[in-house]
Amino acid sequence: MTTAIILLILVIAAALVFEYINGFHDAANAIATVVSTKVLSPRTAILYAAVLNFFGAFFGTHVAKTIGSGIVDKMAVSQEVILCALLGAIIWNLITWVFGIPSSSSHALIGGLLGAAVVHCGIGVVHISGLIWKVIVPMFASPLIGFLLGFSLMLFLLWMFAKAAPERINKHFKRLQLFSAGVMAFSHGSNDAQKTMGIITLSLLTFWMMTLGDPGPDDFCIKAVPVADAVTVNLNDFVDAEGTHTHFEKDTAYVLSAKTGSDKSIKVEFTYKNGAFVFPKESGVTVDADGSTLTLTNPLLKADAEYTIMLKAYKFAIPVWVIFTCAVTMALGTAAGGWKIIRTLGHKMIKLKPIHGFAAETTAASTILTSSFLGFPVSTTHIISTAIMGVGSTVRFSAVKWGLVGNIVLAWVLTIPVCAVTSAGLYWLFSYFSGTPA
């Protein structure tokens, strides 16, 4: 129990460190353009972005659920896996920050989770469909959308204001850029803060799985079941605290546990899919023909003892305190700045004017907010970077420093595999020195 609590604390601490680094690493996403166009001073822009990052973190939990349960099997993840995933992502974020490369914190975390989970349980732990459609496809599609929308919006603005005086245009777009920068900061909080929420919630569920306590008011249980060599129960016989019989929800994970006195619970995890119960191999459960009567066998079961058989739904829900904590941590990280990457995006890639900044921020913010609503953990870095490239290309194609862009794209491509290998290595080292087989 003590070890489980220590691991939980370490994971939450590492997650908040990651969130803080994410804040200052990706601060450039929200404020690089508004600083480079001199619409706001750096200090004011950072405070502005920090406040809107905070409020953006409360914009739904779809992305958090994708990170926590849509990429790898949540019931096959340990605290050590989550900790190694976070450490791998933190290491990559710090390396890219030192060199001023705007890489993706989102993909760093996803890569870390994939690497450690595969070493822990094998490739079967990965939800291939979720990885492809919610990570890989958006990873390539969202930057392309950012470039094309940025290019198109900038062409439209140039056509619309072709006859207006440049001084007058800049004056109006300086005001508009205050709005677009704010929406960009809000959208960044809406997507990036949720990733850490998902990881912390996954860690809390893992801890809950390891330390199942007494039945709560929302749990179903059968008390005082006598044991000979096994426990036989019918899943339809479980009732909650109010005497209501079980109602199984489609595609929901459950935990069946048997406990006597203060002894450690014997746990069996299963899911309810397509009207049938699906148990993992070697679960110690025999299922009868109709699929509802189960025989639980385990060498730890004590003969002539009475057990409380408990049934808990394994639902992925983000606690309010997790949302608030992640929002505050990201806001503090954003307030710390991240000047190396701000200079890369706002000054080195292309020289921006207020109209360019407005077009890039509007494009990126709309793309990110749409992705957050759909539950896609996209890279805010990729999207704002390609939006700036698209906007800059309308001036002239050579106005964008494509050599620098090539270095950025290389970092994008390497992020997931490098973080996967790093976290896998960390997990292997942990298993080796702890004596636990990987």
- Task: Decide side chain to side chain contact (heavy atoms under 4.5 Å, CB included) for Gln194 and Ile67; before the verdict, give the C-alpha distance in whole Å, the side-chain angles of both, and the deciding distance to 0.1 Å.
- Result: CA-CA 8 Å; Gln194 287 193 47; Ile67 292 290; over 6 Å; no

- Report the C-alpha distance between Leu153 and Val391 in whole Å, list the side-chain angles of each, state the deciding distance to 0.1 Å, and finish with yes or no for side chain to side chain contact (heavy atoms under 4.5 Å, CB included). CA-CA 8 Å; Leu153 178 58; Val391 167; over 6 Å; no

Within this structure, what is the [atom1]-[atom2] distance for the pair [X] and [Y], rounded to the nearest 0.5 Å?
X      : Y      : atom1 : atom2 : answer
Ile123 : Leu114 : CD1   : CG    : 8.0 Å
Leu157 : Ile355 : CG    : CD1   : 5.0 Å
Leu176 : Lys171 : CG    : NZ    : 13.0 Å
Thr66  : Leu374 : OG1   : CG    : 9.5 Å
Ile95  : Thr422 : CD1   : OG1   : 7.0 Å
Ile145 : Ser152 : CD1   : OG    : 11.5 Å

- Compute the ring centroids of Phe58 and Phe54, then answer whether they are less than 6.0 Å apart.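 Yes; Phe54 has its ring centre under 6.0 Å from that of Phe58.
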
- Strictly under 6.0 Å, is that where the ring centroids of Phe161 and Phe173 end up?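 Distance test on ring centres: under 6.0 Å, yes.
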
Determine whether a donor-acceptor pair (N or O, by modelled atom type, separation under 3.5 Å) exists between the side chain of [X] and the backbone of [Y].
X      : Y      : answer
Ser78  : Val81  : yes
Thr201 : Gly198 : no
Tyr48  : Ala181 : no
Thr386 : Ile383 : yes
Thr96  : Asn93  : yes
Asn53  : Ala331 : no

If you define the side chain from C-beta out and look only at heavy atoms, does anything of [X] sit under 4.5 Å from [Y]?
X      : Y      : answer
Cys419 : His107 : no
Thr196 : Leu86  : no
Val63  : Lys195 : yes
Ser106 : Val378 : no
His127 : Ile71  : no
Trp92  : Val418 : yes
Ser423 : Leu113 : no
Tyr20  : Leu332 : yes

- Query: Taking the inter-plane angle between the rings of Phe373 and His62 on a 0 to 90° scale, is it parallel (under 30°), tilted (30 to 60°) or perpendicular (over 60°)?
  - Reply: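 If you compare the ring of Phe373 with that of His62, the planes turn out tilted.
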
- Message: Can you classify the ring geometry of Trp428 versus Tyr432 as parallel (below 30°), tilted (30 to 60°) or perpendicular (above 60°)?
- Response: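 Trp428 vs Tyr432 ring planes: parallel.
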
- Message: I need the single residue from Leu202, Val11, Ile9, Leu8 that forms a side chain to side chain contact (heavy atoms under 4.5 Å, CB included) with Phe207. Which is it?
- Response: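 That would be Leu8.
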
Quick one: closest heavy-atom pair of [X] and [Y], and the distance?
X      : Y      : value
Ala57  : Met197 : O-CE, 3.0 Å
Ser187 : Ile368 : O-CG2, 3.3 Å
Pro354 : Lys174 : CG-CG, 3.6 Å
Thr363 : Gly146 : CG2-O, 3.4 Å

- Task: Could you go through the side chain to side chain contact (heavy atoms under 4.5 Å, CB included) check for His120 and Glu80 one step at a time?
- Result: CA-CA 9 Å; His120 176 59; Glu80 294 86 352; over 6 Å; no

- Query: Does a sphere of radius 6.0 Å around CH2 in Trp321 hold more than 12 heavy atoms from other residues, nucleotides or ligands, not counting ones at 6.0 Å or beyond?
  - Reply: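 Yes, CH2 of Trp321 has more than 12 neighbouring heavy atoms, counting only those of other groups under 6.0 Å.
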
- Message: If you count every heavy atom of other residues, nucleotides or ligands that lies below 6.0 Å from Phe59 atom CZ, does the total exceed 12?
- Response: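 Enclosed.
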
- Query: For Leu16 and Ile200, what are the C-alpha separation, side-chain angles and deciding distance, and is it a side chain to side chain contact (heavy atoms under 4.5 Å, CB included)?
  - Reply: CA-CA 9 Å; Leu16 294 178; Ile200 292 177; 4.1 Å; yes

- Task: Could you verify whether a donor N or O on one side chain and an acceptor N or O on the other, from Ser203 and Gln79, lie under 3.5 Å apart?
- Result: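 A donor-acceptor contact under 3.5 Å links the two side chains.
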
- Task: Determine, stepwise, if the pair Thr329 / Glu19 fulfils side-chain hydrogen bond (donor to acceptor under 3.5 Å, both in side chains).
- Result: CA-CA 6 Å; Thr329 306; Glu19 187 77 316; over 6 Å; no

